[in-house]
Amino acid sequence: MSLRIVVCVKYVPDATGDRHFADDLTVDRDDVDGLLSELDEYAVEQALQIAEDADDAEITVLTVGPEDAKDALRKALSMGADKAVHVEDDDLHGTDVMGTSLVLAKAIEKTGYDLVVCGMASTDGTMGVLPALLAERLGVPQVTLLSEVSVEDGVVKGRRDGDAATEQLEASLPAVVSVTDQSGEARYPSFKGIMAAKKKPVESLDLDDLDIDADEVGLEGAWTKVDSAAERPARTAGTIVKDEGEGGKQLAAFLASQKFI
Ligand SMILES: Cc1cc2nc3c(=O)[nH]c(=O)nc-3n(C[C@H](O)[C@H](O)[C@H](O)COP(=O)(O)OP(=O)(O)OC[C@H]3O[C@@H](n4cnc5c(N)ncnc54)[C@H](O)[C@@H]3O)c2cc1C
């Protein structure tokens, strides 16, 4: 039977762009270009490698996000994924990680899966907690932060490199894994891949399709609330110390004043 892999990919505001908060303290997504979260490219790459090693596998890429999030799906399809699912609904505005994990879990159950592959964190929210929430909601094992991953005989195996130790981990399928930026360079989409992606199916789902009530998501359903947010102050010019014999002392005094030493 075909190995069904679902890769969760997030469409994020470009970190090099000028990002702002909207009046309701959510990120103003209309104001900045977006792209497939760089860390999720590693998840797509690992899914492609697992599929290449399997006799028969199908990769679905899944995103919860606004209309433009289709760009992230197209990139993943052009890398080689087979099909895509896009969950979009006006009521998702302001959804926090609890709501996002609920929506993703329902969409994954509807799609059908043996293995869910996530990135280690998104490049905007960077909570790194979604894969664990997803595993809990789906009621399956989680093997997170893997720098090496493979699937054999219904078991997913992987290596997690920690500060103090390297662990070899495994879990029986179905399972959720997340992979790190050490798992291997993500491939660039080829011209052929980009053309093929245009013809691959993209299914659109909304909250009704997933039997989710509007009050379970959005700002109303969020477990967390942003009370205030302030723009980061503009960079000021640095202090240049001219070394006329006292440079070392002045440097030490500066570091001490900033509580670095
Ligand atoms: C339309 C919309 C509006 C939102 N508004 C807010 C808001 O106002 N306030 C707020 O706190 N949060 C909001 N969120 C949720 C937030 O952007 C994150 O999606 C969510 O909190 C997950 O946290 P994270 O990005 O830190 O994920 P992490 O836990 O860092 O992500 C780990 C991995 O989970 C997967 N993943 C994460 N998010 C998604 C996704 N959306 N689709 C597919 N895979 C995903 C990826 O594989 C990623 O690498 C909104 C989300 C959407 C879609």
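Just so you know, ligand 1 is whichever comes first in the structure, and atom 1 is the first atom listed for that ligand. What's counted below: heavy atoms across the whole structure, side chains too, no hydrogens, waters or symmetry copies.
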Taking only heavy atoms of Thr100, which atoms of ligand 1 are found under 4.0 Å from at least one of them? 15 (C), 19 (O), 20 (C), 41 (N)
The side-chain contact (heavy atoms from CB on, under 4.5 Å) partner of Val64 among Val9, Val103, Leu205 is Val103
Which protein heavy atom lies closest to atom 33 (C) of ligand 1, and at what distance to 0.1 Å? Gly119 O, 3.7 Å
Ligand 1 N/O within reach of Met127 N/O, cut-off under 3.5 Å: yes
Applying side-chain contact (heavy atoms from CB on, under 4.5 Å) between Arg160 and each of Thr166, Thr144, Val149, report the one that passes. Thr144
Report yes or no: does a heavy atom of Thr224 sit under 4.0 Å from some atom of ligand 1? no
Quick test: of every protein heavy atom, which one is nearest to atom 27 (O) of ligand 1, and how far off is it to 0.1 Å? Ser122 OG, 3.8 Å
Within ligand 1, which atoms have a heavy atom of Leu62 less than 4.0 Å away? 43 (C)
Nearest-0.5 Å distance that lies between atom CG in Leu25 and atom OG in Ser228: 7.5 Å
re atom 44 (N) of ligand 1, the protein heavy-atom contact at minimum distance is Cys8 CB, 3.4 Å
Under 3.5 Å, is there a donor-acceptor pair between the side chain of Asp96 and the main chain of Trp223? yes
For Pro131, take its heavy atoms, then give the atoms of ligand 1 lying under 4.0 Å from any of them. 32 (C)
Under 3.5 Å, side chain of Ser147 to main-chain N/O of Thr180, donor-acceptor pair present? no
Could you tell me which atoms of ligand 1, counted from 1 in the order shown, lie closer than 4.0 angstrom to a heavy atom of Val129? 29 (O)
Is a donor on one side and an acceptor on the other found under 3.5 Å between the side chain of Arg4 and the backbone of Thr60? no
I'd like to know if the side chain of Asp91 and the backbone of Ala214 have a donor-acceptor N/O pair within less than 3.5 Å. no
Closest protein heavy atom (residue, atom, distance) for atom 28 (P) of ligand 1: Gly128 N, 3.3 Å
With heavy atoms only and a cut-off of under 4.0 Å, state how Thr126 meets ligand 1: side chain, backbone, both or neither. backbone
Polar side-chain atom of Lys200 near backbone of Ala81 as donor-acceptor pair, under 3.5 Å: yes
Minimum distance, heavy atoms only, to atom 13 (C) of ligand 1: which one of Thr63, Thr95, Val179 is it? Thr95
Does Gly94 have a non-hydrogen atom less than 4.0 Å from ligand 1? yes
Pairs of nitrogen or oxygen atoms closer than 3.5 Å, one from Val64 and one from ligand 1: do any exist? yes
Heavy-atom contacts under 4.0 Å between Val97 and ligand 1: side chain, backbone, both, or neither? both
Candidate with minimal heavy-atom separation from atom 45 (C) of ligand 1, of Val27, Leu104, Leu133: Leu104
Could you measure the distance from the CD atom of Glu231 to the NE2 atom of His20? Nearest 0.5 Å is fine. 5.5 Å
Is it true that a side-chain atom of Asp215 and a backbone atom of Gly221 form a donor plus acceptor pair closer than 3.5 Å? no
Among all protein non-hydrogen atoms, which one is nearest to atom 16 (C) of ligand 1, and what is the separation to 0.1 Å? Lys10 NZ, 3.6 Å
Report yes or no: does a heavy atom of Gly65 sit under 4.0 Å from some atom of ligand 1? yes
Any sub-3.5 Å donor-acceptor pair from Gln250's side-chain atoms to Val241's backbone N or O? no
Protein heavy-atom partner closest to atom 35 (C) of ligand 1 - residue, atom, separation in Å: Leu130 CD2, 3.8 Å
Taking 4.0 angstrom as the limit and counting only heavy atoms of Asp96, give me the atoms of ligand 1 inside it, by number and element. 10 (C), 11 (O), 12 (N), 21 (O)
Applying a heavy-atom cut-off of 4.0 Å, say which part of Ala69 lies close to ligand 1: side chain, backbone, both or neither. neither
Protein residue, atom and distance nearest to atom 49 (O) of ligand 1, heavy-atom basis: Asp40 OD1, 2.5 Å
In this structure, atom 8 (O) of ligand 1 is nearest to the protein heavy atom Thr26 CG2, 2.9 Å
Under-4.0 Å heavy-atom contact between protein and atom 10 (C) of ligand 1: yes
Qualifying residue for side-chain contact (heavy atoms from CB on, under 4.5 Å) with Cys8, from Leu134, Val117, Thr100: Leu134
Report, as yes or no, whether the 6.0 Å neighbourhood of atom CG on Asp213 holds more than 12 heavy atoms from other residues, nucleotides or ligands. yes
Can you list the atoms of ligand 1 that are under 4.0 Å from a heavy atom of Cys118? 47 (O)
Out of the candidates Asp40, Thr123, Asp124, only one should pair with Lys10 under the side-chain hydrogen bond (donor to acceptor under 3.5 Å, both in side chains) rule; please name it. Asp124
Per-atom contacts, ligand 1 versus Val9 - under 4.0 Å to a heavy atom: 42 (N), 43 (C), 44 (N)
Rounded to the nearest 0.5 Å, the NZ atom of Lys198 sits from the CG atom of Leu77 at a distance of 12.0 Å
